[in-house]
Amino acid sequence: MKTIYKNAAILTESGKQEVMNILVNEDTGVIEQMGTGDGWTFDREIDVSGKLIAPGFVDVHVHLREPGGEKKETIATGTHAAAKGGFTTVAAMPNTRPVPDCPEHVAGILEKIHNDARVRVLTYGSITVREAGREIVDMEAVAKDIFAFTDDGVGVQEAGMMFEAMKRAADLGKAVVAHCEDNSLIYGGAVHEGRFSETMNIPGIPSVCEAVHIARDVLLAEAAGAHYHVCHVSTKESVRVIRDAKNAGIKVTAEVTPHHLLLCEDDIPGNDANYKMNPPLRGKEDRNALVEGLLDGTIDFIATDHAPHTEEEKSLPMEEAPFGIIGLELAFPLLYTQFVKKGQFTLDQLIGWLSEKPSRIFQLPYGKLQEGEPAEFTVIDLDEEKTVKKEDIVSKGKNTPFYGEELQGWPVMTVFNGKQVWTEDE
């Protein structure tokens with residue numbers, strides 16, 4: 001079965017849009033031809049009428065919650081949300097129950113992925129048993145089946161344990177991915193320590209809580225010869241530490257979330273837990289530093305940290321509600337509307353940060369739109385304008401502060417392994 005996608009707008013290497021056709025072999029899942037020629041043989045024709053076709057987005061930081069947190073999300077619902085947002089590859093964090101900390105637990109998760117996922121799901125392995133920070137997992141036993149190692153959700157507190165984990169991961173050719181918080185500096189905080197926390201009398205988490213952990217870890221990574229990747233950077237001090245480490249030749253990479261690029265503490269309207277995420281929304285200077293860091297290459301790409309929770313949980317006050325915000329379905333239109341349309345990012349930059357860059361950093365063979373490569377792409381209507389509504393969200397989690405936003409540039413179809421896994425009609 002061969003399908004031709006006609007009249008697609010494709011971004012060239014120069015960043016310009018060129019209209020061409022794409023021929024997909026659905027049996028092999030490969031792009032057979034791209035171009036403007038005639039005489040192609042195909043079974044089905046889909047005219048995308050000048051809509052943009054971009055490589056499938058790659059998100060190395062999502063929480064699918066299954067097993068153990070199915071009230072919040074499942075592999076089926078989370079990958080539905082991913083496909084709707086244009087993502088064809090996601091990497092699932094290990095804070096599940098059970099934790100993927102041994103071959104049996106990893107195998108159970110991989111079986112669920114095989115049965116239920118709409119798109120590709122890579123799974124992380126934890127650094128420590130049960131993510132408890134007391135004992136390093138048998139990394140050699142799980143390495144062949146996992147994407148990278150992380151205890152995301154909690155920072156590894158002991159420097160000696162992190163150093164040993166980095167050395168083992170380096171020997172296995174795996175990255176160490178870190179949620180950076182020094183627990184002795186959290187102070188029971190629910191939001192950023194700043195103007196909002198003072199006004200609302202809510203305990204705050206200081207910026208140094210994150211930055212000091214990164215500073216420790218980049219030196220450990222240098223000594224261990226490891227690839228060290230920083231999750232969801234949120235402070236100007238963190239950006240400075242990462243920039244200095246890169247200048248020193250240390251193999252450190254970093255990601256930033258859409259919500260940290262878009263929002264700061266000044267945007268929080270009150271005690272609304274939809275604005276509670278970890279790391280928290282920081283100050284305006286921090287947000288500006290994140291944008292600058294992304295533009296100058298200090299921060300390598302964008303990841304959503306899609307973190308669904310139940311509406312009951314998020315209806316609690318900020319002091320009691322869990323941290324987290326959903327991100328898969330809204331990432332592209334939010335960033336396109338707020339940055340590309342306003343001239344701060346180019347379309348080519350945005351698509352690169354969502355596809356090619358994470359793939360290259362983690363040596364994944366994805367994020368490409370070329371002949372002979374996997375047919376994994378998203379069709380985007382750059383002119384479509386819609387209001388963000390709760391009833392349109394397909395994730396089980398509805399926790400986002402962006403309801404009511406008028407956004408432009410929406411994915412309308414996603415193709416994975418040569419086949420349509422989501423369309424706007426759905």
Side-chain angles (χ1 to χ4, degrees), residues 11 15 54-62 86-91 93 122 124 147-150 152 166 169-170 173-180 210-211 213-215 217-218 220-222 225-262 279 282 286-306 327-328 331-332 334-335 339-340 344-368:
L11 281 178
F57 301 148
V58 176
D59 190 345
V60 301
H61 193 148
V62 305
F87 291 88
T88 52
T89 298
V90 298
M93 287 297 178
L122 310 173
Y124 280 94
F147 168 61
F149 290 100
T150 185
D152 183 63
M166 285 180 172
K174 297 291 184 179
V176 170
V177 176
H179 172 109
C180 294
E210 172 182 295
H213 227 228
I214 297 172
D217 282 356
V218 294
L220 295 176
E222 180 181 34
H227 173 196
Y228 171 67
H229 179 75
V230 186
C231 292
H232 43 49
V233 178
S234 73
T235 78
K236 61 183 185 297
E237 294 86 1
S238 298
V239 174
R240 185 175 73 233
V241 171
I242 294 164
R243 183 179 290 122
D244 289 346
K246 285 191 169 188
N247 288 337
I250 300 172
K251 191 176 182 181
V252 53
T253 56
E255 70 192 41
V256 65
T257 70
H259 46 276
H260 287 110
L261 291 170
L262 290 161
R282 304 287 188 180
D286 296 297
R287 192 198 73 83
N288 293 341
L290 297 175
V291 174
E292 179 184 345
L294 186 60
L295 286 168
D296 71 18
T298 301
I299 298 172
D300 296 273
F301 56 80
I302 298 168
T304 68
D305 192 11
H306 176 79
L328 287 166
F332 184 85
L334 278 168
L335 295 165
F339 290 106
V340 177
Q344 201 165 4
F345 300 162
T346 68
L347 179 59
D348 189 44
Q349 283 176 317
L350 177 57
I351 290 174
W353 289 324
L354 289 170
S355 58
E356 185 270 334
K357 292 286 179 68
S359 298
R360 177 162 51 81
I361 291 296
F362 284 97
Q363 300 178 359
L364 300 171
Y366 315 128
K368 301 173 185 176

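FYI, side chains are in, hydrogens and waters are out, and symmetry mates aren't considered; it's all heavy atoms of this structure.
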Judged by modelled atom types alone, do Arg282 and Ser234 share a side-chain donor-acceptor pair under 3.5 Å?
-> yes
Less than 4.5 Å apart, any side-chain heavy atom of Phe339 and any of Val291?
-> yes
Phe332 vs Phe57 aromatic rings, parallel, tilted or perpendicular, using cut-offs 30° and 60°?
-> parallel
Assess the side chains of Thr346 and Asp348: does a donor N or O sit below 3.5 Å from an acceptor N or O?
-> no
For Lys251, check side-chain contact (heavy atoms from CB on, under 4.5 Å) against everything at least two apart and list the hits.
-> His227
How long is the gap from CD1 on Ile302 to CG on Leu334, to the nearest 0.5 Å?
-> 11.0 Å
Check side-chain hydrogen bond (donor to acceptor under 3.5 Å, both in side chains) between His179 and all other residues, then give those that pass, not counting sequence neighbours.
-> Glu181, His232
Only one of Thr150, Asp152, Thr304 forms a side-chain hydrogen bond (donor to acceptor under 3.5 Å, both in side chains) with His61, so which one is it?
-> Asp152
Return the minimal non-hydrogen interatomic distance between Ala170 and Gly225, and the atom names on each side.
-> CB-O, 3.7 Å
Is the closest side-chain heavy-atom distance between Leu295 and Phe345 below 4.5 Å?
-> yes
Search all heavy atoms of Met93 against all heavy atoms of Cys231 and return the closest pair with its distance.
-> CE-SG, 4.2 Å
Would you mind telling me which of Ile242, Thr257, Asp286 makes a side chain to side chain contact (heavy atoms under 4.5 Å, CB included) with Val233?
-> Ile242
Not counting sequence neighbours, which residues clear side-chain contact (heavy atoms from CB on, under 4.5 Å) with Glu356? List them please.
-> Arg360
With sequence neighbours excluded, residues passing side-chain contact (heavy atoms from CB on, under 4.5 Å) with Ala148 = Tyr124, Ala175, Val177
Which heavy atom of Val218 sits nearest a heavy atom of Ile250, and at what distance?
-> O-CG2, 3.5 Å
One should read off an interatomic distance between Glu255 CD and Leu294 CG, to the nearest 0.5 angstrom, of 11.5 Å
Salt bridge (charged side-chain N to carboxylate O under 4.0 Å, His left out) partners for Asp300, two or more places apart = Lys246
So how far is it from Arg240 CZ to Thr235 OG1, rounded to the nearest 0.5 Å?
-> 8.5 Å
With rounding to the nearest 0.5 Å, note down the distance linking NZ in Lys236 to CD in Glu292.
-> 12.5 Å
Could you pull out the closest heavy-atom pair between Phe147 and Val60, with the gap in Å?
-> CZ-CG1, 3.9 Å
Nearest heavy atoms of Arg243 and Asp296, plus distance in Å | NH2-OD2, 2.8 Å
Residue set satisfying salt bridge (charged side-chain N to carboxylate O under 4.0 Å, His left out) with Lys174, at least two apart, ordered chain then number -> none
Quick one: CZ on Phe362 to CZ on Phe301, what's the gap to the nearest 0.5 Å?
-> 5.0 Å
With rounding to the nearest 0.5 Å, note down the distance linking OH in Tyr366 to CG in Leu122.
-> 6.0 Å
Minimal heavy-atom distance between Pro55 and Ile351, with the atoms involved, is CD-CG2, 4.0 Å
